[in-house]
**Student:** 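Encoded as structure tokens, here's the structure I'll be asking about.
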Amino acid sequence: MTKVILPELGQGIEKAVVSFWYFKEGEKVNEKDDLVELSTDKATFNLPSPCSGRLTQIIIHEGDNAEPGDLLGMIEEN
Amino acid sequence: MQFDIVDLSLIDYEKAWELQKNRFRQIKEHIMPSALFLCRHHPVITSGRNAKIESLLASREKLDASGIKIYEIERGGDLTYHGPGQLTAYPIFDLNCFKKDIHFFLRALEDIIISSLGANGIKAEAIPRLTGAWVDDKKIASIGITVKNWITLHGLSINIRKDDMQNFKLIKPCGLNIEMTCAEDILKKTIDIEAVKQKVISGFLRVFKK
């Protein structure tokens with residue numbers, strides 16, 4: 001299993017809202033595909049998939065807050 | 001960081017958006033360098049990821065009658081208006097080649113706006129947690145960006161001419177109860193958008209071309 005972790009977005013950005021998952025649980029993803037979009041007040045940030053496989057679990061859902069270092073979801077690698 | 005400077009002049013929002021997306025793909029595939037697009041738009045409203053229904057004050061019928069389209073886009077922020085009296089800058093920058101820091105990038109855009117206006121005789125300021133540039137608590141410039149693969153899209157717009165400022169009344173700008181202003185309202189004279197544009201370009205070169 002590969003963890004999808006929210007990286008540091010920059011100094012002073014302590015949280016973001018998960019605004020959009022590009023895939024549903026169970027769907028196949030390819031490495032570097034846009035996986036999840038996060039929003040701050042004036043910026044959106046797309047996190048690419050860290051590997052190819054299947055998105056097995058979404059842990060932080062759309063509309064919920066996330067902080068750098070938080071586990072957003074899990075991918076089962078091919 | 002190396003970047004092309006591309007003056008798109010007066011261009012439809014949709015065309016400029018396509019050009020942004022094309023350049024984004026080319027940067028991602030290492031075909032082309034980063035680019036700074038500068039332009040003005042025909043009247044249009046754009047709706048960011050944080051847009052709320054109540055931020056649109058005008059009816060769809062009124063907008064249709066005025067020929068003003070609404071585009072839902074992926075940038076951060078709420079509703080904003082773009083028109084020919086604004087200077088808009090879209091830095092399509094590969095931050096992998098510079099500094100992977102969204103906060104720094106937003107503050108850099110504010111710095112460029114404030115210095116460009118200062119060089120044209122307007123003292124604007126940044127307000128913490130209210131991204132953009134302000135003069136006496138009125139907003140003169142807006143910022144909204146998207147970052148994908150650490151490549152930026154969208155950017156900033158500075159209100160310069162007063163001709164189409166009334167169109168801001170169609171929306172609640174940025175979802176806030178704020179008053180918008182423009183360079184011509186502050187200086188009480190006609191402003192040459194080209195002069196501001198040159199200062200904006202100088203600002204981007206100063207901050208990013210290192």
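Source: prediction; values computed, not measured. Below, chain A is the first sequence line, B the second, and so on; all start at residue 1.
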**Student:** Give a yes or no on whether the ring-centroid distance for B/Phe98 and B/Phe208 is below 6.0 angstrom.
**Tutor:** yes
**Student:** Would you check if the side chain of B/Glu29 reaches a backbone N or O of B/Gln26 as a donor-acceptor pair within less than 3.5 Å?
**Tutor:** no
**Student:** Select one option (side chain, backbone, both, neither) describing which atoms of B/Arg107 are under 4.5 Å from chain A's heavy atoms.
**Tutor:** neither
**Student:** With chain B as the partner, which of A/Leu9, A/Thr40, A/Thr44 has the greatest number of non-hydrogen pairs under 4.5 Å?
**Tutor:** A/Thr44
**Student:** Spell out, as yes or no, whether a donor-acceptor pair under 3.5 Å connects the side chain of B/Ser66 to the backbone of B/Ile68.
**Tutor:** no
**Student:** For chain B, find which of A/Pro7, A/Ser39, A/Gly10 contributes the most heavy-atom pairs closer than 4.5 angstrom.
**Tutor:** A/Gly10
**Student:** Taking the six-membered ring of B/Trp17 as reference, does the cationic atom of B/Lys21 (NZ for Lys, CZ for Arg) lie under 6.0 Å from its centre and within 45° of its axis?
**Tutor:** yes
**Student:** B/Ile102 versus chain A, heavy atoms under 4.5 Å apart: side chain, backbone, both or neither?
**Tutor:** both
**Student:** Salt-bridged, B/Lys138 to B/Asp185, with N to O below 4.0 Å?
**Tutor:** no
**Student:** Check each atom of A/Glu37 against the heavy atoms of chain B and say whether the ones under 4.5 Å are side chain, backbone, both or neither.
**Tutor:** side chain
